Amino acid sequence: MQATTQLIHSIPIDPLTGAISVPIYQTSTFVQEAPGVNKGYDYARTGNPTRSVLEDLIAQLEGGQTGAAFGSGLAAIDAVVKLLQSGDEIVAVDDIYGGAFRLFEQVYRKFGIRVKYVDTSDTRALFDALTPKTRLIWIETPTNPTLKISDIGAISKIARAHHCLLCVDNTFASPALQKPLALGADLVVHSGTKYLGGHSDLIAGLVVARDRELGEKIKFLQNASGAILSPFDSWLLIRGIETLHLRVRQHGASAQAVAEFLQGHPAVDKVYYPGLTAHPGHEIASKQAKGFGGIVSFTLKEDSEEAALAFVTSTGLFRLAESLGGIKSLVSHPATMTHKTIPPERRRAAGVADSLIRLSTGLEDAEDLIGDLRQALDRVRGGRRLSPTHGTVAQ
Ligand SMILES: *Cc1c(COP(=O)(O)O)cnc(C)c1O
């Protein structure tokens with residue numbers, strides 16, 4: 001059976017009523033026949049039937065034993081870090097999601113957990129960064145916003161030999177394209193807010209563990225710390241996941257068309273998209289993923305903040321907003337938005353140039369999207385200038 005068919009039919013029909021949509025169990029507690037004698041649920045922080053359907057669904061999609069749903073992607077990341085102890089070290093991808101960087105540096109550092117950042121697309125550099133204290137390797141592939149690719153299989157072998165865990169933040173690829181657990185990772189995390197939800201209407205996080213023992217530790221932390229996903233948002237996320245494969249296929253096809261268009265445009269300098277054969281990660285991405293995703297980044301020939309701001313305020317279909325993975329196309333300017341708090345020199349060294357622009361291609365017709373980009377690029381070339389706005393807050 002194909003993945004889509006299997007996915008759609010693994011979502012259970014309600015055994016009580018036959019409801020074809022998963023019921024939302026909006027309850028805090030469950031009545032017990034006698035202390036400890038219940039129907040599998042006692043208190044809704046510990047377990048809720050709507051959330052359970054979602055947790056089983058994501059575990060199945062990622063090919064793991066246990067799934068756990070959280071109130072945000074960051075709460076999911078937080079649960080994984082809590083597996084560690086004071087004195088342990090993490091080796092993480094250098095262009096890590098900004099919120100994960102903030103969590104590591106401004107929360108966990110003071111509890112004695114240290115993080116080393118390396119370019120994990122260079123497997124050798126990753127290997128050299130490990131110390132006897134390294135307990136966790138943390139990667140994203142593709143990364144944000146320059147879409148660097150790391151070799152999940154090669155890194156999982158290193159992790160195993162070093163007796164440390166490998167966690168992959170699979171938000172950008174989604175399980176429709178990439179299954180890190182099958183490539184040897186121990187844990188997968190997601191911001192369900194992005195492609196899994198897919199409609200820009202919720203904040204959610206997920207963790208999937210390859211083996212049950214590790215999964216039980218995550219479930220313990222989910223209950224002990226309590227950052228669970230609500231029944232309604234669990235339902236909404238199930239509803240989003242039902243169309244994941246279809247959406248991701250279209251996001252990817254449009255992104256490929258957009259990347260090829262940008263590559264040929266005279267106002268564009270570099271285009272970052274793993275689906276382009278010139279992308280340094282193209283070969284590994286082709287090997288470990290079924291597609292290249294819906295995110296495209298690029299820089300302008302005129303590498304200035306001013307030119308980039310003129311572009312991002314000139315698009316019509318691409319709406320200027322943080323986030324990605326929804327049905328509506330989004331555009332963002334990392335230097336003044338998500339990466340604003342990083343000192344300019346460090347930011348530029350990490351490949352986030354002043355004119356770098358990130359696109360999340362939505363589900364509009366690709367021709368219309370390209371038309372929108374063409375007119376915005378023409379305006380930049382025509383010298384339209386807006387004064388930079390500095391009101392955006394990093395997430
Ligand atoms: C958005 C995002 C997160 C954080 O998820 P939230 O749901 O916003 O808390 C983590 N990792 C990646 C790669 C993301 O894009």
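Computed over heavy atoms, backbone and side chain alike; hydrogens, waters and symmetry mates excluded. No experiment lies behind these values; they were computed from the predicted model shown.
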Cut-off 3.5 Å, no hydrogens considered: what does the side-chain donor-acceptor table look like for residues 253-262, sequence neighbours left out?
residue: Ser254; atom: OG; partner: Gln250; partner atom: O; Å: 3.3
residue: Ser254; atom: OG; partner: Gln250; partner atom: NE2; Å: 3.2
residue: Gln256; atom: NE2; partner: Glu260; partner atom: OE2; Å: 2.8
residue: Gln256; atom: NE2; partner: Gly275; partner atom: O; Å: 3.2

Between [X] (side chain only) and [Y] (backbone N and O only), is there a donor and an acceptor less than 3.5 Å apart?
X	Y	answer
Ser191	Gly205	no
Asp88	Gln85	yes
Ser304	Ala307	yes
Thr120	Ile139	no
Gln288	Asp151	no
Thr361	His251	yes
Ser225	Gln222	no
Ser86	Phe111	yes

Students should find that the hydrophobic cluster of Met1, defined by side-chain heavy atoms under 4.5 Å apart, otherwise consists of none

Apart from Ile327 itself, what residues make up its hydrophobic cluster when side-chain heavy atoms of I, L, V, M, F, W and Y under 4.5 Å apart count as a link, directly or indirectly?
-> Leu363

Might you confirm whether atom OH of Tyr117 has over 12 heavy atoms from other residues, nucleotides or ligands at distances under 6.0 Å?
-> yes

Using only heavy-atom distances, determine whether the side chains of Lys328 and Ser200 contain a donor-acceptor pair under 3.5 Å.
-> no

Among side-chain atoms of Asn48 and Ser234, is any donor-acceptor pair under 3.5 angstrom?
-> no

Provide the full list of salt bridge (charged side-chain N to carboxylate O under 4.0 Å, His left out) pairs with a residue in [range], sequence neighbours left out, each pair given once.
range	result
residues 347-361	Glu345-Arg348, Arg347-Asp354, Arg348-Asp354
residues 123-144	Arg124-Asp128
residues 235-259	none
residues 204-216	Asp186-Arg210

Can you tell me which residue pairs pass the side chain to side chain donor-acceptor pair (under 3.5 Å) test with a partner in residues 168-179, sequence neighbours excluded?
-> Glu62-Asn170, Asp169-Thr171, Asn170-Gln178

Scan for side chain to side chain donor-acceptor pair (under 3.5 Å) pairs involving residues 24-40, sequence neighbours excluded, and state none if there are none.
-> none

Pairs meeting criterion ring-ring contact (aromatic ring centres under 6.0 Å, His included) with involvement of residues 274-300, two or more places apart | His282-Phe292, Phe298-Phe311

Could you tell me whether the side chain of Leu187 reaches within less than 4.5 Å of the side chain of Leu83, counting heavy atoms only?
-> yes

Going hydrophobic residue to hydrophobic residue with side-chain gaps under 4.5 angstrom, can you get from Leu103 over to Val93?
-> yes

Do Leu147 and Leu356 share a hydrophobic cluster (ILVMFWY, side-chain heavy atoms under 4.5 Å, transitive)?
-> yes

Taking every non-hydrogen atom, the tightest pair across Leu183 and Ser156 | O-OG, 3.0 Å

Residues forming a side chain to side chain contact (heavy atoms under 4.5 Å, CB included) with Ala19, sequence neighbours excluded | Asp14, Thr17

Please output the side-chain donor-acceptor pairs of residues 364-372 that fall under 3.5 Å, not counting sequence neighbours, one pair per line with the distance.
residue: Glu364; atom: OE1; partner: Ser329; partner atom: OG; Å: 2.7
residue: Glu364; atom: OE2; partner: Ser329; partner atom: N; Å: 2.9
residue: Asp365; atom: OD1; partner: Glu367; partner atom: N; Å: 3.0
residue: Asp372; atom: OD1; partner: Gly316; partner atom: N; Å: 2.8
residue: Asp372; atom: OD1; partner: Gln375; partner atom: NE2; Å: 2.9
residue: Asp372; atom: OD2; partner: Gly316; partner atom: N; Å: 3.1
residue: Asp372; atom: OD2; partner: Leu317; partner atom: N; Å: 2.8
residue: Asp372; atom: OD2; partner: Phe318; partner atom: N; Å: 3.1

